[in-house]
Amino acid sequence: MIRTHYSTQITPEMNGSSVTICGWAHEIRDLGGITFLVVRDREGLVQVTLFKKTIDKNVLETVRNISRESVVAVTGNIKKEAKAPNGYELIPTKVEVLGKAESPLPMDTTGKVDADLDTRLDVRFMDTRRPYTQSIFRIRHLILKSIREYLGREGFIEITTPKVVATATEGGTALFPITYFEREAFLNQSPQLFKQLMMSGGLDRVFEIGPIFRAEEHDTRKHLNEATSIDIEASFIDHEDVMVILENLVKYVYSNVAENGGSYLKTLGVELKIPETPFKRITYDEAIKIACDNGEQIEWGDDLTTESEHSIGKTIGEHYFIVDWPSKIKPFYAMPYENKPELCRAFDMMHPRMELSSGAQRVHSYELLRSRITEQGLNADGFDFYLKAFRYGMPPHSGWGLGAERLLMTMLGIDNIREVVLFPRDRKRLSP
RNA sequence: GUCCGGAUAGUGUAGCGGCCUAUCAUGGAGGCCUGUCGAGUCUCCGACCCGGGUUCAAAUCCCGGUCCGGACGCCA
């Protein structure tokens with residue numbers, strides 16, 4: 001290993017000891033008699049100081065020829081120095097250029113000149129060198145890590161389901177067709193059917209964090225053609241129970257980020273407000289009424305328009321659930337109420353800005369499921385692999401899917417979903 | 001897909017018929033400078049998206065294309 005210390009592992013008290021730091025040449029400031037090389041690694045910055053009078057000529061020459069953003073390894077001695085940032089500087093004995101950077105750079109990494117998101121996405125490898133961008137992905141990591149912790153503690157087993165599937169079964173959203181040897185196949189739009197199979201499969205509580213693909217030609221700041229879905233499915237519990245799991249999960253994730261991501265939040269200028277549980281529940285009827293009262297053009301039976309979603313969100317002002325949806329605008333596997341089958345045991349979990357999650361208690365009766373599929377205009381034959389599991393002992397079960405990118409962007413107050421994906425896939429962007 | 005706005009050095013911008021040999025910042029090259037920390041300072045370098053049109057004259061106006069941003073639509 002070349003590195004002995006990250007920048008943040010060095011303290012002024014280490015005065016006199018020798019270390020090797022590795023990173024990118026953030027800036028070189030040559031003042032004539034004294035030259036400063038600022039090296040940036042994942043954690044922070046280190047000032048390397050060269051005095052013309054005492055430094056080895058070759059070392060000075062090397063440093064003066066380093067281009068910005070080149071990768072360097074610097075070995076030297078820590079010197080406690082009040083005039084230096086962080087109270088210390090590194091007096092080099094050896095400076096190596098491990099990866100030279102060409103010039104000019106495709107974007108500024110120092111924060112002096114902002115680049116457009118489009119420019120940044122074209123050179124994401126350089127954009128992620130910036131503390132701002134890196135903080136987003138460090139928080140994304142914290143979120144996913146805390147979700148695994150939380151669900152693990154709640155008895156959920158992490159599973160992985162196929163992303164290449166045989167048929168465009170669920171209807172609705174468009175799928176990406178692909179070639180699978182001599183057959184046509186599709187990229188999976190959701191792990192829905194597979195996680196349900198595992199309820200019949202006896203795993204009782206499962207979750208998956210994985211990619212989903214949707215071939216919709218949407219062009220908005222909250223849609224992606226490849227997104228990350230956080231999905232759970234659990235047996236012997238109803239939609240109310242999984243709503244409690246969901247709101248507690250969101251609260252846990254926020255608390256966890258607040259606790260462990262303070263420096264990243266600060267870099268992003270975010271003051272995190274931890275949502276209070278339980279989240280407010282409003283029925284679909286109430287949601288429509290709020291939208292209408294706010295002057296929106298929407299009728300009972302419609303899915304929420306973008307404007308209604310914003311309008312209701314503004315009225316509520318915090319995370320909330322919309323429950324008791326019309327059965328006909330929810331998928332076939334949502335369980336209708338026994339005494340009022342036009343409504344179903346489905347819910348959406350909303351942030352004031354957008355929908356974050358939707359879920360339901362599922363239909364677990366084979367006959368009902370089959371007729372629901374047909375009612376929604378789908379061909380039940382394509383669902384054989386799925387329906388079969390309902391014929392040999394399927395427990396009652398419920399679950400939800402939560403959009404990871406939406407959770408992250410609403411948490412951080414980021415406007416464009418592309419900002420929170422390393423390499424976003426949208427209508428126009430397929431590379432990098 | 002519809003509507004609106006936009007595209008100027010590597011990056012981010014000003015200019016919106018002649019004053020453009022195109023502004024400013026950042027950057028790059030080369031000087032000066034022993035405490036910089038968005039260093040300072042001097043000199044130089046580097047751009048009007050593509051195609052067509054209008055005009056004596058186009059970065060600027062018009063048409064088409066491509067791409068970008070926003071709103072909406074689409075989105076089990």
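First the proteins, then the strands, lettered A, B, ... as listed; each starts at 1. Computed from a predicted model, the values in this text were never measured in an experiment.
- Judged by the 6.0 Å distance and 45° axis criteria, A:Arg345 is not positioned over the aromatic ring of A:Phe347.
- Set against B:rG35, B:rA76, B:rC72, the side chain of A:Glu81 has B:rG35 as its closest nucleotide.
- A:Thr305 comes within 4.0 angstrom of sugar-phosphate atoms only, judged by non-hydrogen atoms across all strands, and of no base.
- Side chain of A:Pro104, nearest nucleotide from B:rC72, B:rG10, B:rG70: B:rG10.
- Minimum atom distance to the side chain of A:Lys112 is reached by B:rG27, of the listed B:rC75, B:rG27, B:rU36.
- Taking the side chain of A:Lys83 as heavy atoms from C-beta on, and the options B:rG73, B:rG35, B:rC37, the nearest nucleotide is B:rG35.
- Within 4.0 Å of A:Ala334, counting heavy atoms only, lies no atom of the nucleic acid at all.
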Review item, nucleotides 47-50 of chain B N/O atoms under 3.5 Å of protein N/O:
none

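- Across all strands shown, A:His26 has no heavy atoms under 4.0 Å from either base or sugar-phosphate atoms.
- Of all the residues in residues 341-360 of chain A, not one reaches under 4.0 Å from RNA chain B with any non-hydrogen atom.
- Among pairs with a residue in residues 379-394 of chain A, those fulfilling side chain to side chain donor-acceptor pair (under 3.5 Å) read A:Gln196-A:Tyr386, at least two apart in sequence or across chains.
- Listed candidates were B:rA76, B:rC33, B:rC74. Nearest to the side chain of A:Thr220 is B:rC74.
- Aromatic pair A:Phe383/A:Phe390: ring centres not closer than 6.0 Å.
- For A:Lys79, counting side-chain heavy atoms from C-beta on, the closest listed nucleotide (B:rA76, B:rG35, B:rG1) is B:rG35.
- The phosphate of B:rU36 has neither OP1 nor OP2 within less than 4.0 Å of any side-chain N or O from A:Thr35.
- Base pairing of B:rC33 is not made with any nucleotide, judged by Watson-Crick or G-U wobble geometry with both donor-acceptor distances under 3.5 Å.
- Scored by the ring-ring contact (aromatic ring centres under 6.0 Å, His included) test, A:Trp325 finds A:Tyr284 as partners (sequence neighbours excluded).
- In this structure, A:Ser103 reaches the sugar-phosphate backbone alone: every heavy-atom distance under 4.0 Å involves primed, P, OP1 or OP2 atoms, never a base.
- Nucleic acid contact for A:Glu27: sugar-phosphate only, since backbone atoms but no base atoms lie under 4.0 Å from a heavy atom of the residue.
- Judged by distance alone, with hydrogens and angles left aside, the side-chain atoms of A:Glu208 form a donor-acceptor pair with the main-chain N or O of A:Thr161 at under 3.5 Å.
- At a non-hydrogen distance threshold of 4.0 Å, A:Val113, A:Asp114, A:Ala115, A:Asp116, A:Asp118, A:Thr119 from residues 113-134 of chain A come into contact with RNA chain B.
- Heavy atoms of A:Pro85 sit under 4.0 angstrom from at least one base atom.
- The C1' atoms of B:rA22 and B:rG18 are separated by 14 Å, rounded to the nearest whole Å.
- With hydrogens and angles ignored, no donor-acceptor pair under 3.5 angstrom links the side chain of A:Gln192 to the base of B:rA76.
- Close to B:rC75, at under 4.0 Å from its OP1 or OP2, lies no side-chain N or O of A:Asn225.
- On the P atoms, B:rC61 is 26 Å away from B:rA25, given to the nearest whole Å.
- For A:Glu89, whose side chain is taken as the heavy atoms from C-beta onward, the closest listed nucleotide among B:rC37, B:rC33, B:rG35 is B:rG35.
- Looking at heavy-atom distances under 4.0 Å, A:Lys53 makes contact with a base.
- Among A:Arg138, A:Gln134, A:Arg140, the one residue that satisfies the side-chain hydrogen bond (donor to acceptor under 3.5 Å, both in side chains) test with A:Tyr264 is A:Arg138.
- Between the A:Arg205 side chain and the A:Glu233 main chain, no donor and acceptor come within less than 3.5 Å of each other.
- The side chain of A:Asp30 has B:rC33 as its nearest neighbour among B:rA76, B:rU36, B:rC33.
- For A:Phe51, whose side chain is taken as the heavy atoms from C-beta onward, the closest listed nucleotide among B:rG35, B:rA76, B:rC72 is B:rG35.
- One N or O donor and one acceptor, one from the side chain of A:His223 and one from the base of B:rC75, sit under 3.5 Å apart.
- With rounding to whole Å, A:Arg29 atom CZ is found 16 Å from B:rU34 atom P.
- With sequence neighbours excluded, no residue forms a ring-ring contact (aromatic ring centres under 6.0 Å, His included) with A:His5.
- Heavy atoms of other residues, nucleotides or ligands lying less than 6.0 angstrom from CD of A:Glu271 number 12 at most.
- Residues A:Tyr320 and A:Phe279 place their aromatic rings such that the two centres sit no closer than 6.0 Å.
- As rounded to the nearest Å, B:rU60 and B:rU2 have P atoms that lie 26 Å from one another.
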